[in-house]
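Remember, it's 1-based here, ligands and their atoms both numbered in the order they're listed.
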Amino acid sequence: MEKTRLDKKLAQLRGKSYISRELIDLLDTVTHLHLDMRELAEIELPADNQLAPAEAVFQGVPLLGRGNFPYDARQAESLLDRMITLLRDAGGPLADGAAAVRAALDAGELRPDVLFRKFLEDDHEFFAPWAERMPEAPRTLSFLAFAALNPSIEAVARKLAEKLPDMKVTQSGTCPICGSLPLISSLENKEGFRQATCSFCRHQYRIRRLACPICGEDDQKKLTFFTVDEEPGFRVDVCETCKTYVKTIDFRNLDRVAVPILDDLDSLALDYVAANQGYKRATLSAWGF
Ligand SMILES: [Zn+2]
Ligand SMILES: [Zn+2]
């Protein structure tokens, strides 16, 4: 079922003029690979007493910070290898970046376990020199790390979701599992419940509809949204207090199903408009750009 939705969405993305065929082919391969690998990831969750207690989670403390996420090392290493090959075959700046990463791995200058740890810890200082080395595709290394770890991360999030206390809506806007900011949000059902998709673990959780998930502003005068005619079903929620925006999917009146990580790409046009109006995005896109 998840696969069917994915295929439908990929087919639709192929109609977008500003997304190259090479990129869609790459996403097609990667998203399917991730779907299969998620089921195979061998993960050992930390003991329950290592997780934040329910009272803390209600206060906005994540159940398990992203730096403490366990992962399947063997799977991640083999996936890293496959991802490097895929990027090299895709051509362009990403291919050059991937070749540089391969060379660094071969030379022992870069170690997969260190790379994975630094990614989980969100260590910008580690990634900064790599970004400088590949100015044409500065996020290649973090994309590779994320792509290699994604099945583990999602598998962990799914297991941890069962351990979350029953909270109707998170007050803070950050993911109750890992503490990251939302990638995108969507409006669901008649009541218009606002559901966020986590930028790191992809957990979906309910956030306050009329509040900025980044800074918590809930003064209605500071919160607005805009839409563009070319992209029906999407809107951009902006906050005048922190000047950030979060895109929101609203397919309630459209015959479309949401696949947030791809809808994020589908609605790229809105990111350009938001940037032109001086708003910044709180998180990178699902694909690291
Ligand atoms: Zn999360
Ligand atoms: Zn705000």
- Report the protein N/O/S neighbours of the Zn ion (ligand 1) that fall below 2.8 Å; do not count waters. Cys175 SG, Cys178 SG, Cys198 SG, Cys201 SG

- Side chains of Thr248 and Asp237: do they bring a donor and an acceptor to under 3.5 Å? yes

- Answer whether the closest heavy-atom distance between the side chains of Gln171 and Val169 falls below 4.5 Å. yes

- Item | Pair Ser186-Glu188, side-chain donor/acceptor within less than 3.5 Å | yes

- Interatomic distance, Thr170 atom OG1 to Arg208 atom CZ [nearest 0.5 angstrom]: 8.5 Å

- Item | Under 2.8 Å from the Zn ion (ligand 2), the protein N, O or S atoms, given as residue and atom | Cys212 SG, Cys215 SG, Cys239 SG, Cys242 SG

- Query: Partners of Tyr245 by side chain to side chain donor-acceptor pair (under 3.5 Å), sequence neighbours excluded?
  - Reply: Asp271

- Item | For Ile214, the rest of its hydrophobic cluster, which grows through side-chain links under 4.5 angstrom | Leu181, Val246

- Item | Cation over ring face, Arg66 and Phe119, 6.0 Å, 45° | yes

- Note on the structure: Taken to the nearest 0.5 Å, the spacing of Thr174 OG1 from Phe200 CZ works out to 14.0 Å

- Just by distance, do the side chain of Asp263 and the backbone of Val259 share a donor-acceptor pair under 3.5 Å? yes

